[in-house]
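Here the structure comes first, spelled out in structure tokens, and everything after it is commentary.
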Amino acid sequence: MGGATERRKGTFYGLACYILWGFFPLYFHLVRRTNAFEIIADRLVFAFLFCLLLISLLHGWRVIGAIWSQRGLAASLALSGVLITANWTIYVWGVTTGHAIDAALGYFINPLLSTLIGVVGLHERLRRPQVVAFGFGALAVVALIVGYGKVPWVALGVSTSFAFYTLVKNRQGSHVRPLPGLLSETAAVVPAAVAYMVWSARRGTLTTDLTTPYGWLLALAGPMTAVPLLLFAAAAARVTMTTIGVLQYISPLMQFLVGWLILGEQMPAARWVGFVIIWIAVLIFLCDTVRVARQGRHMPG
């Protein structure tokens with residue numbers, strides 16, 4: 001992982017990445033008069049254009065050609081593009097319709113669900129604390145359903161789509177670097193985004209007008225998508241997975257606080273019960289992750 005200076009840089013990049021993601025609800029609240037599907041179309045189109053610009057500046061077209069010449073890898077990237085688009089759509093719809101707290105809950109649940117998918121799909125073994133943490137996570141969802149009176153679909157949709165996206169990215173391994181990967185993922189779904197924008201324009205409902213400040217605010221979704229992902233890649237190359245595992249909870253915690261304290265979403269007693277239970281699960285999960293990492297550092301060899 002490099003020396004102390006590189007680790008400090010990695011931690012800084014990770015903090016910057018997760019803090020930016022933590023403020024995302026405020027941005028989507030600013031553009032809430034645009035429907036979630038158009039926001040996602042903007043996010044895809046302008047992220048794609050932003051990545052094209054970076055690839056051109058970095059002379060990375062040879063890498064893109066090598067990726068697209070491998071059918072299996074190209075298909076895998078297309079699938080991950082569909083999954084991350086589904087995740088973005090559910091998340092943006094949630095935030096713009098007053099469910100930012102539920103979206104934050106989804107990202108608290110996500111590491112637990114990813115662990116379960118690892119067991120089922122990759123035949124990984126759960127440690128006892130992970131079993132306990134997953135049990136608390138399931139209990140939290142049940143408590144929210146029973147006490148809140150409805151299934152937290154936004155939270156479950158966000159966590160499930162991102163967990164399967166993580167699984168696909170895991171299978172891709174280190175074959176694809178972040179920038180070419182993001183370009184390839186967005187390229188797979190950007191035709192649908194463009195088609196939606198053309199359809200909206202013909203209906204007279206398109207709000208993405210680059211002759212207005214609001215249109216440029218929507219276009220900002222592209223760089224806002226790409227920059228945190230590139231910061232994340234820079235962090236992951238310099239720090240341990242344990243550090244990333246701890247940092248990843250900054251975003252949902254910030255999103256929860258933004259939804260509750262700034263956007264004014266309600267937190268009835270049933271919701272508090274569910275969140276407290278999921279935070280217990282997260283604490284167990286984190287403590288076990290740190291413990292295993294420390295044991296690994298002290299093993300001989």
Side-chain angles (χ1 to χ4, degrees), residues 15-43 83-114 133 136-163 165 207 214 217-218 220-221 224-225 228 246-283 285-286:
L15 284 170
C17 160
Y18 286 111
I19 289 171
L20 285 173
W21 277 334
F23 281 119
F24 264 23
L26 290 177
Y27 169 76
F28 293 123
H29 186 71
L30 286 175
V31 296
R32 66 190 181 279
R33 72 180 176 91
T34 299
N35 71 66
F37 296 105
E38 185 180 338
I39 294 172
I40 293 305
D42 286 322
R43 196 172 184 182
L83 288 170
I84 197 61
T85 301
N87 176 264
W88 291 347
T89 303
I90 297 167
Y91 175 81
V92 172
W93 182 87
V95 172
T96 56
T97 56
H99 296 86
I101 291 177
D102 284 339
L105 174 63
Y107 287 115
F108 278 118
I109 295 173
N110 172 253
L112 304 175
L113 188 57
S114 293
F136 272 103
L139 179 62
V141 174
V142 172
L144 287 166
I145 293 172
V146 174
Y148 201 52
K150 58 182 179 181
V151 177
W153 291 115
V154 171
L156 293 177
V158 164
S159 58
T160 302
S161 57
F162 198 77
Y165 173 74
T207 61
Y214 185 78
L217 183 63
L218 287 169
L220 188 61
M224 284 181 61
T225 296
V246 173
L247 291 176
Q248 72 178 324
Y249 290 105
I250 293 173
S251 294
L253 181 58
M254 287 181 62
Q255 291 166 9
F256 165 75
L257 292 174
V258 166
W260 177 37
L261 298 176
I262 299 178
L263 302 183
E265 294 187 15
Q266 297 299 307
M267 280 294 292
R271 222 178 202 184
W272 276 115
V273 169
F275 266 86
V276 168
I277 295 173
I278 198 66
W279 287 335
I280 292 172
V282 166
L283 183 61
F285 191 85
L286 282 176

Open item on the list: Looking at every heavy atom in both Ala163 and Asn110, which two are closest together, and how far apart are they?
Closed with: N-ND2, 3.2 Å
- [ ] Rounded to the nearest 0.5 Å, what's the gap from CD1 on Ile40 to OG1 on Thr85? Could you check?
- [x] 7.5 Å
- [ ] Drop me the distance from Arg271's CZ to Asp102's CG, to the nearest 0.5 angstrom.
- [x] 4.5 Å
TODO: Nearest 0.5 Å please: distance from the CZ atom of Phe28 over to the OH atom of Tyr91.
DONE: 6.5 Å
Open item on the list: Going by side-chain hydrogen bond (donor to acceptor under 3.5 Å, both in side chains), name the residues that satisfy it together with Asn35, two or more places apart in sequence or in a different chain.
Closed with: Tyr196
Task: Sequence-distant partners of Trp88, ring pair (Phe, Tyr, Trp, His ring centres under 6.0 Å), two or more places apart - done: none
Task: Test side chain to side chain contact (heavy atoms under 4.5 Å, CB included) applied to Leu20 - qualifying residues, sequence neighbours left out - done: Val227, Pro228, Leu231
TODO: Could you tell me whether Trp272 atom CH2 has more than 12 heavy atoms of other residues or ligands within 6.0 Å of it?
DONE: yes
Task: Ile90 to Ser161 - nearest heavy-atom pair and separation - done: CD1-OG, 4.4 Å
Task: Residues which pass side-chain hydrogen bond (donor to acceptor under 3.5 Å, both in side chains) with Glu38, listed by chain and number, not counting sequence neighbours - done: Thr207, Thr208
TODO: Could you check if a side-chain atom of His99 sits within less than 4.5 angstrom of a side-chain atom of Trp153, using non-hydrogen atoms only?
DONE: no
TODO: Would you give the length of the straight line joining atom CG of Leu83 to atom CZ of Phe162, rounded to the nearest 0.5 angstrom?
DONE: 10.5 Å
- [ ] Compare all side-chain heavy atoms of Tyr249 with those of Leu286 and state whether any distance is below 4.5 angstrom.
- [x] yes
Result block: side-chain N/O donor-acceptor pairs under 3.5 angstrom for residues 251-262, not counting sequence neighbours:
from: Ser251; atom 1: OG; to: Tyr18; atom 2: O; distance (Å): 2.7
from: Gln255; atom 1: NE2; to: Trp21; atom 2: O; distance (Å): 3.0

Task: Test side chain to side chain contact (heavy atoms under 4.5 Å, CB included) applied to Ala221 - qualifying residues, sequence neighbours left out - done: Tyr27, Arg43
Task: side chain to side chain contact (heavy atoms under 4.5 Å, CB included) partners of Ala36, counting only residues at least two apart - done: Val92, Trp93, Thr96
Open item on the list: Tell me whether Thr160 contacts the main-chain N or O of Gly157 through its side chain, where contact means a donor paired with an acceptor under 3.5 Å.
Closed with: no
Task: For Tyr107, all residues meeting side-chain hydrogen bond (donor to acceptor under 3.5 Å, both in side chains), sequence neighbours excluded - done: Asn87
Task: Test side chain to side chain contact (heavy atoms under 4.5 Å, CB included) applied to Val142 - qualifying residues, sequence neighbours left out - done: Val146
- [ ] Nearest 0.5 Å please: distance from the CD1 atom of Ile39 over to the CZ atom of Arg33.
- [x] 10.5 Å
- [ ] Could you tell me which residues satisfy side-chain hydrogen bond (donor to acceptor under 3.5 Å, both in side chains) with Thr89, sequence neighbours excluded, listed by chain and number?
- [x] none
Open item on the list: I need the minimum non-hydrogen distance between Val154 and Gly94, along with the two atoms involved.
Closed with: CG1-CA, 4.2 Å
Could you pull out all donor-acceptor pairs under 3.5 Å where a side-chain atom in residues 273-281 meets a protein atom, sequence neighbours excluded?
none

TODO: Would you kindly say whether Tyr214 and Thr34 are connected by a side-chain donor-acceptor distance under 3.5 Å?
DONE: yes
